[in-house]
Visitor: 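Quick one: the structure is below, questions incoming.
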Protein chains: 2
Amino acid sequence: MRVGRADLNTRSRVREAAIAVFGQQGLDAPLRAVAAEAGLTAGRIVQLFGSKDGLRRACDDHVFGVIRTAKRDTMVSSAGATMISRFAMLDEFVPYLAYVARSVQAGGEHAREFIDHMVEDALDYMADAVAAGTVLPSRDERARVRYLTEISLGHLALRLSLDAPQDAEELASCLRTHLDAMALPALELYTQGFLSDRRMLDSYLLYVGDPPGQEQAASA
Amino acid sequence: MRVGRADLNTRSRVREAAIAVFGQQGLDAPLRAVAAEAGLTAGRIVQLFGSKDGLRRACDDHVFGVIRTAKRDTMVSSAGATMISRFAMLDEFVPYLAYVARSVQAGGEHAREFIDHMVEDALDYMADAVAAGTVLPSRDERARVRYLTEISLGHLALRLSLDAPQDAEELASCLRTHLDAMALPALELYTQGFLSDRRMLDSYLLYVGDPPGQEQAASA
DNA sequence: TAGGATCCTACACGCCCGTTTAGTCCGGTG
DNA sequence: CACCGGACTAAACGGGCGTGTAGGATCCTA
C-alpha cells in the first residue's frame, strides 16, 4: 500500500503527526493517538523510533532545528520577545510553536537547553537593537533577555493549558486571540512601563547595591 | 494511635499533604504519594474525599480561600502583578503558591475561574493605584491587568516545570532564586519599558484604531 | 465487658499506557 | 517458482494508576 522508500517518508510523516498531536494534547498524549493521526500502529512507531522518548527526541530535533533556521532568516527587528508573535503569524509555524510551548511546559533538560539557546540568540538581537537605539540599555542585559523570553513562553504555555485546543483550527485561533489580547498591553508595557516614577526601582537598586554583572550597555 | 476527633484533623492533614505533594510534583501526582506524605492509604483518601477529584476540589477551595483572604489583608501597594512576590516572601505561603502554579498549569475550569477572579481583584488595586498616581493609566485596564496576571503566573509555572523541585526546601529556594532573577528586569520593565520610542505602539494603535472598550483611565 | 461506630489497611478489580512479540502481507531476486 | 527481507498489524504483557470492598484495629458508650 504505502510506498515509503526506505521508510524515510514514514518516519517524517509520523514525526509531523507527533508534533501536531503533542502540540495539541501535550507531551503526554498517548502513543496510540499519534499512531491514529499518522495512520499506523503504536507498535510500529516504537519500531521506527525505538521508544516514545525517541520519538520525542526526533520531534525536538526537528522543531528546534526549524525554528532555529527560521529565526536566523527572520532576525531583523527589535524585540526578541515579540519574535514569537512573528512566528505565530505564519500558519505553517503554528504547530511548531505549540510543540515548543508543550515541550517547555513538560520541563526536562531539552526545555532548559532550548530556552538557554533562545536567550543566547536574543542577546545578540537585543545588543543590535540597543546599538541601533531602538531599545533602551539594561543594567543586566542577560537577565532582561531571559526574563522576556521566559514570560513570553510561559504566557503561551499558560494560554494553551487554559484553552485546551482540540484540533489544528482551534489551536490556530487560540494562538491568534492570544496575540490579539496581549498586543496592546504588551506594547504599552514595552514602551512606557506602568509605574509612574522610579521609586521602586531606585529603592531596589539601593537595596541590592546594583546588578551582579555590572555590565555596561551594548557592545556589538 | 491518631486521635482525630470526627476525623476533621485527618481531613485537613491529608489536604495539607496533598497541597504540598501536588505543588511539588504536579496535579497528576499519584494518590499514593499523597497518602505516603500524609501517613495513610490511598483508599482512605478516597473514603475521605470521595475521589481524587474531590481531593483536588478541597485543595482548590482551601488554597484559593487562603490566598483570597491573605490578599485582602495585604492589598495595599502598587502593582497587582508583584503581589506574587509578596506571597513568596512569606514561607508559609510557598506551598500554596506552588499549588496555584500547578493548578493553573494543569488547566481546567478551576484555573480559569481563579485567574478571572484574580484579574477582577487586581482591577481594583490597579484603579486605586492609578487614582493615587503611582501607576500610569492604560488604554484598556482590564487587558493590562489580565496580561500582567497571566505572565506572572505563567512565568512561575514555567520555572516550576524547568526546575522540578523534589521537596519543600528545593521548592522554597527555587521560588526565591526565581524572584531574585526577575526582580531587576521586571522593575526595569515596569518603570521604563524597553522600547526607546513610541513608534511600535503608535503604529499598532493606528492599525487597530484604538482599543475595544475605549475605557477612560481610573474611576475609583 | 459487650456492642457498635469509626478510622484505617490490605487487596483486588479494571483501565490505560508503553512496549514486546508473533505473525501477515508484499515486492524484489535467484 | 521458491525465497527472503522489510513494512506493518494485532494481540498480549506488565506496570501504574484510581477506585471499590471486606475485614481488622481502636475507641466511645452503656
Side-chain angles (χ1 to χ4, degrees), chain A residues 1-60 99 102-103 105-108 110 164 166, chain B residues 1-60 99 102-103 105-108 110 164 166:
Chain A
M1 189 71 68
R2 297 252 162 249
V3 44
R5 176 167 39 127
D7 91 322
L8 272 178
N9 273 334
T10 310
R11 262 187 77 94
S12 61
R13 184 168 49 98
V14 170
R15 181 166 33 76
E16 277 332 284
I19 292 171
V21 169
F22 286 152
Q24 289 161 28
Q25 308 187 17
L27 269 301
D28 51 355
L31 211 49
R32 287 168 171 89
V34 178
E37 176 76 16
L40 37 64
T41 330
R44 181 66 186 133
I45 295 184
V46 175
Q47 285 179 351
L48 284 171
F49 295 91
S51 69
K52 187 182 185 178
D53 211 65
L55 174 63
R56 175 157 146 52
R57 236 171 298 134
C59 291
D60 277 1
Y99 180 88
R102 296 298 194 181
S103 174
Q105 188 175 44
H110 280 268
Q166 299 290 350
Chain B
M1 191 72 67
R2 296 254 163 246
V3 46
R5 176 168 37 130
D7 90 322
L8 272 178
N9 274 334
T10 311
R11 261 187 76 94
S12 61
R13 183 168 49 100
V14 170
R15 180 166 33 76
E16 265 351 90
I19 291 171
V21 169
F22 286 153
Q24 289 161 29
Q25 308 187 16
L27 269 290
D28 51 354
L31 212 46
R32 289 167 171 89
V34 178
E37 176 76 17
L40 35 65
T41 331
R44 181 67 188 133
I45 296 184
V46 175
Q47 285 178 351
L48 285 172
F49 295 91
S51 68
K52 186 182 186 181
D53 211 65
L55 174 63
R56 176 158 145 51
R57 236 171 299 133
C59 292
D60 277 1
Y99 180 87
R102 296 298 193 181
S103 174
Q105 187 175 43
H110 279 270
Q166 300 289 349

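If you're wondering where the values come from, they're calculated on a predicted model, not measured in any experiment. Each chain gets a letter, A, B and so on, in the order the sequences are listed, and its residues count up from 1.
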Visitor: For A/Asp60 and A/Ser103, work out which heavy atoms get closest and say how close.
Guide: OD1-OG, 4.0 Å
Visitor: Shortest non-hydrogen contact from B/Lys52 to B/Leu27?
Guide: NZ-O, 3.7 Å
Visitor: Quick one: does NZ or CZ of B/Arg57 land under 6.0 Å from the six-membered ring centre of B/Phe49, within 45 degrees of the ring axis?
Guide: no
Visitor: Is A/Thr10 near enough to D/dA7 that one of its side-chain N or O atoms lies under 4.0 angstrom from OP1 or OP2?
Guide: no
Visitor: Just report the end-to-end axis angle for the helix from C/dT1-D/dA30 to C/dG30-D/dC1, five pairs per end, to 10 degrees.
Guide: 30°
Visitor: What is the per-nucleotide protein-contact pattern of nucleotides 18-25 of chain D, from the 5' end, where B denotes a base atom under 4.0 Å from a protein heavy atom, S denotes such proximity for sugar-phosphate atoms only, and - denotes neither?
Guide: BBSBB---
Visitor: Can you see which heavy atom on A/Cys59 is nearest to which on A/Ile19, and at what distance?
Guide: SG-CG1, 3.8 Å
Visitor: What's the CD1-P distance between A/Ile45 and C/dT20, to the nearest Å?
Guide: 14 Å
Visitor: Is any side-chain heavy atom of B/Val14 less than 4.5 Å from a side-chain heavy atom of B/Arg44?
Guide: no
Visitor: From CZ of A/Arg13 over to P of D/dA7, roughly how many Å is that when rounded to an integer?
Guide: 12 Å
Visitor: Measure across B/Gly107 and B/Arg56 and return the closest heavy-atom pair with its distance rounded to 0.1 Å.
Guide: O-NH2, 3.8 Å
Visitor: Rounded off to whole Å, could you give me the CZ-to-P distance for the B/Phe22 and D/dC17 pair?
Guide: 12 Å
Visitor: What is the distance, to the nearest angstrom, from the CG atom on A/Leu27 to the C1' atom on C/dG18?
Guide: 15 Å
Visitor: Do you know which two heavy atoms are closest between B/Pro30 and B/Gln25, and how far apart they sit?
Guide: CD-OE1, 4.3 Å
Visitor: Minimum heavy-atom separation for A/Val21 to A/Ala29, with atom names?
Guide: CG1-CB, 3.9 Å
Visitor: Taking CG from A/Leu48 and P from D/dT9, how many angstroms apart are they, rounded to a whole number?
Guide: 10 Å
